[in-house]
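Just so we're on the same page: letters track the sequence lines, and every chain starts at 1.
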2 protein chains.
Amino acid sequence: MGEKSQPVTMADVAARAGVSRALVSIVVRGVPGASPASREKVLRAAAELDYHPDQRARLLGAARSRTLGVVHDLRQPFHGELVESLYAAVERDGRGGAGWRLALEPTAPGRPPATAVRALLDHRCEAVLLLGPTSPAAELARLAERLPVVVLARAVEAAGVDVVRTDDEAGARLAVEHLLALGHRRLAHLHGGRAPGAAQRRAGYRAAVRAAGVRAELVAGGPGEADGQAAAPRLLHPDGPSAVLAFNDACAVGLLAAARAGGTAVPGRLSIVGYDDSAVASLPSVALTTVGQDAAALAEHAVARAVARAEDPRAPAAETVVAPRVVQRRTTAPPA
Amino acid sequence: MGEKSQPVTMADVAARAGVSRALVSIVVRGVPGASPASREKVLRAAAELDYHPDQRARLLGAARSRTLGVVHDLRQPFHGELVESLYAAVERDGRGGAGWRLALEPTAPGRPPATAVRALLDHRCEAVLLLGPTSPAAELARLAERLPVVVLARAVEAAGVDVVRTDDEAGARLAVEHLLALGHRRLAHLHGGRAPGAAQRRAGYRAAVRAAGVRAELVAGGPGEADGQAAAPRLLHPDGPSAVLAFNDACAVGLLAAARAGGTAVPGRLSIVGYDDSAVASLPSVALTTVGQDAAALAEHAVARAVARAEDPRAPAAETVVAPRVVQRRTTAPPA
DNA sequence: CCACACTACTAGAGCGCTCTAGGCCTAGAG
DNA sequence: CTCTAGGCCTAGAGCGCTCTAGTAGTGTGG
């Protein structure tokens with residue numbers, strides 16, 4: 001119903017304030033070169049006209065876009081958290097001229113990463129952040145020849161690609177230490193086999209139990225609920241462990257369901273620790289103690305790396321490792 | 001490491017193909033006005049130079065941006081699904097000149113909807129799609145005076161605002177019909193009190209059970225797991241219903257956990273239907289039969305409405321109601 | 001043979017900004 | 001009094017496209 005009026009441009013503001021367009025530009029960008037008096041005059045005119053600079057023109061006119069492209073997966077809740085933290089990081093960020101913006105491009109079944117990246121390149125962003133990309137390392141390396149690439153939350157080795165990820169080895173170690181602190185002395189790790197990250201988690205677990213000199217076993221699991229369920233018989237016998245570190249939350253939930261169905265009290269008789277702090281873990285009926293990634297720290301580092309490399313194209317790629325933390329809920333307690 | 005070369009522009013392609021820039025524009029846009037011969041010549045030159053039009057310039061130069069802004073909540077898995085379907089809808093869309101694009105702007109704690117909408121306006125998109133907005137109706141109406149606004153997945157009454165939502169009354173009715181078809185004759189609805197949508201779901205339930213003439217009760221629940229858990233005593237007695245429709249999935253899961261903990265077989269002794277088809281419902285250890293929204297249909301209608309109103313600003317706002325569907329999993333079965 | 005229509009193409013003016021180069025003015029130094 | 005320095009401001013040339021107007025060239029019918 002309302003009248004959709006012509007959008008007001010910089011020229012309108014300049015006319016109203018009685019100055020040149022260039023001066024309006026100086027004022028709205030907040031750069032030095034205008035007297036306080038005319039600055040105030042321009043800002044008032046802008047406010048009165050409800051002027052808002054056209055991003056398209058701003059981006060085109062400026063030599064640099066100061067835009068970071070983000071490729072994320074809509075189906076992964078953790079990506080949501082990361083994106084959220086990326087916005088926080090980019091808005092807080094003050095170093096090096098400030099004013100970076102984010103451009104989001106999701107992937108999904110039917111929308112491959114290549115499409116998302118293409119869209120970002122077409123918007124001429126200066127660097128891309130890929131969240132848990134599934135693309136082969138060679139493809140990432142190829143992309144990294146065109147612009148700075150930062151991979152988040154996946155351990156890849158690709159030439160020229162920055163990686164910011166969580167230290168899975170430390171995560172497993174922290175989980176073991178949490179269980180030891182509770183008094184557990186008979187531990188087991190329901191490991192993830194060949195799933196991504198599984199090797200590091202196993203290594204962390206092994207190192208931690210060895211250091212503590214406690215009884216510990218390793219049981220084959222996997223990344224799904226079914227894997228946890230299937231492993232139940234090997235863990236739930238009278239002589240079994242008093243605490244289990246599962247490969248991930250799904251696997252832990254499978255084990256948890258089997259344990260409860262079989263009458264094993266959790267955490268009374270068995271403590272269970274998941275990994276990932278996914279949405280399931282925080283459900284009231286699950287309340288799984290788990291190892292969570294520090295989304296804020298990952299985002300902070302990723303933005304810092306992307307900006308640094310965009311500012312200086314000759315800066316070398318680097319790997320940044322962030323420590324995870326144990327999120328204690330209600331599946332761990334001192335042994336009976 | 002790699003040489004970040006100057007991006008290639010339309011002029012480069014024109015020079016290589018030996019034609020004018022205007023002709024290159026005609027060819028890359030795919031509009032009529034070029035002979036097959038020069039079309040091919042231009043496309044080859046473009047391919048050889050790996051030319052990709054600069055979106056910023058394209059958007060600035062064109063009279064219309066043909067961009068739909070999307071405001072979504074990163075924490076809501078269903079929004080992810082919707083966005084996914086929006087991409088599918090917009091890419092498939094052929095009517096009216098085609099070629100619409102999406103611009104995503106997420107909301108999150110720390111990033112209010114106003115910020116997201118502002119960003120979209122600054123990009124000069126032609127309409128905005130708001131997913132489950134929490135803003136007051138008056139604010140939506142105000143925004144609708146500036147450009148077409150389509151609200152998805154929330155029932156609001158605001159002047160000039162298009163609404164595309166799921167028919168909650170039909171959803172409850174479908175759930176009851178599913179239970180009746182299984183042979184249940186003693187039903188209950190664990191309703192949502194004053195939660196959004198609860199009234200419609202109650203109405204649908206009432207209408208369906210009345211039409212069938214079966215025994216049915218109404219028990220107060222709520223939107224959380226705790227509400228489902230708390231209602232368990234009133235539902236799990238020997239003379240209780242053989243099937244329950246819960247207000248939503250969380251409520252259903254609470255009841256489910258209480259039932260299983262108390263030794264009530266689900267679905268053997270009691271069938272449970274949730275509502276929303278949220279992520280919990282599809283967990284293997286839950287496998288909740290539930291009423292799901294048709295994200296694809298919602299997205300399709302939303303895009304159609306947004307495009308229609310952007311093409312014709314005088315078109316009146318409308319409300320579109322989409323039928324939900326029952327997603328059968330493993331918490332419903334014929335009564336014992 | 002000329003008007004006419006139609007197709008294939010080009011010139012060039014925007015789109016709304018940014019940003020460099022330069023003008024004007026007032027001071028302070030020499 | 002001249003010279004330079006610096007603060008404030010403006011003109012105007014891009015940025016890389018789109019799109020209108022207009023110029024050939026090619027048939028077609030009268």
Side-chain angles (χ1 to χ4, degrees), chain A residues 5-43 45-46 49-67 97-99 101 121-126, chain B residues 5-43 45-46 49-67 97-99 101 121-126:
Chain A
S5 48
Q6 283 299 352
V8 20
T9 77
M10 187 165 267
D12 300 321
V13 178
R16 173 151 196 143
V19 299
S20 70
R21 288 168 30 243
L23 187 58
V24 175
S25 173
I26 286 171
V27 171
V28 298
R29 274 180 298 148
V31 300
S35 70
S38 49
R39 195 171 287 275
E40 209 244 332
K41 192 168 54 180
V42 167
L43 288 178
L49 295 173
D50 192 29
Y51 167 70
H52 293 276
D54 186 325
Q55 283 293 338
R56 303 169 302 174
R58 179 169 269 201
L59 255 24
L60 218 212
R64 308 187 38 189
S65 71
R66 287 186 197 283
T67 300
R101 30 183 314 280
L121 291 175
D122 290 351
H123 279 282
R124 305 293 188 258
C125 57
E126 297 190 35
Chain B
S5 49
Q6 282 300 351
V8 19
T9 79
M10 187 165 267
D12 300 323
V13 178
R16 175 155 195 141
V19 299
S20 69
R21 288 169 29 243
L23 187 57
V24 175
S25 174
I26 287 171
V27 171
V28 298
R29 274 180 299 148
V31 301
S35 69
S38 49
R39 198 170 286 276
E40 209 244 330
K41 192 167 55 181
V42 166
L43 288 177
L49 294 173
D50 192 29
Y51 167 71
H52 293 277
D54 186 324
Q55 283 292 341
R56 302 171 302 174
R58 177 169 270 199
L59 256 25
L60 218 210
R64 308 187 38 189
S65 71
R66 286 185 199 283
T67 299
R101 30 185 312 280
L121 290 175
D122 290 351
H123 279 282
R124 304 294 187 259
C125 56
E126 298 190 35

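- Within 4.0 Å (heavy atoms only), B:A63 reaches sugar-phosphate atoms of the nucleic acid but no base atom.
- The CZ atom of A:R39 sits 12 Å away from the C1' atom of D:dG7 (whole-angstrom rounding).
- Checked against C:dC19, C:dA11, C:dC17, the side chain of A:A22 finds its nearest nucleotide in C:dC19.
- Atom C1' of nucleotide C:dG16 and atom CZ of A:R29 are separated by 13 Å, given to the nearest angstrom.
- Rounding to whole angstrom units, CD of residue B:Q55 and C1' of D:dC15 are separated by 15 Å.
- The separation between B:R21 atom CZ and C:dA13 atom C1' is 11 Å, rounded to whole Å.
- With rounding to whole Å, B:H123 atom NE2 is found 16 Å from C:dC15 atom C1'.
- Contact annotation: A:S25 reaches the phosphate of C:dT18 (side-chain N/O to OP1 or OP2, under 4.0 Å).
- Of the possible donor and acceptor atoms, none in the side chain of A:R16 sits under 3.5 Å from a partner among the backbone N and O of A:A45.
- Of the candidate nucleotides C:dT10, D:dC9, D:dC17, D:dC9 has the atom lying nearest to any side-chain atom of A:S38.
- Closest to the side chain of A:Y51, out of D:dC17, C:dA11, C:dC17, is C:dC17.
- Taking the nucleotide of DNA chain C with the nearest heavy atom to each of B:A34 and B:A62, the more 5' of the two is matched to B:A34.
- Between the C1' atom of C:dG14 and the CG atom of A:L60 lies a distance of 13 Å, rounded to the nearest Å.
- Taking atom CG of residue B:L23 and atom P of nucleotide D:dG16, one finds them 20 Å apart after rounding to whole Å.
- A straight line from CZ of B:R58 to C1' of D:dC15 spans 16 Å, rounded to a whole angstrom.
- Side chain of B:M10, nearest nucleotide from C:dC17, D:dT10, D:dC17: D:dC17.
- The phosphate of D:dC9 has OP1 or OP2 within less than 4.0 Å of a side-chain N or O from A:S35.
- Using modelled atom types and a 3.5 Å distance limit, the side chains of B:R124 and B:S65 yield no donor-acceptor pair.
- Taking CG of B:L59 as the reference point, atom CD of A:Q55 lies at 12.0 Å (rounded to 0.5 Å).
- A salt bridge is absent between B:E126 and B:R66: the closest approach of a Lys/Arg side-chain nitrogen to an acidic carboxylate oxygen does not fall below 4.0 angstrom.
- Remark: C:dG30 base-pairs with D:dC1. Criterion, Watson-Crick or G-U wobble with two distances under 3.5 Å.
- B:R21 places none of its side-chain heavy atoms less than 4.5 Å from the side chain of B:V13.
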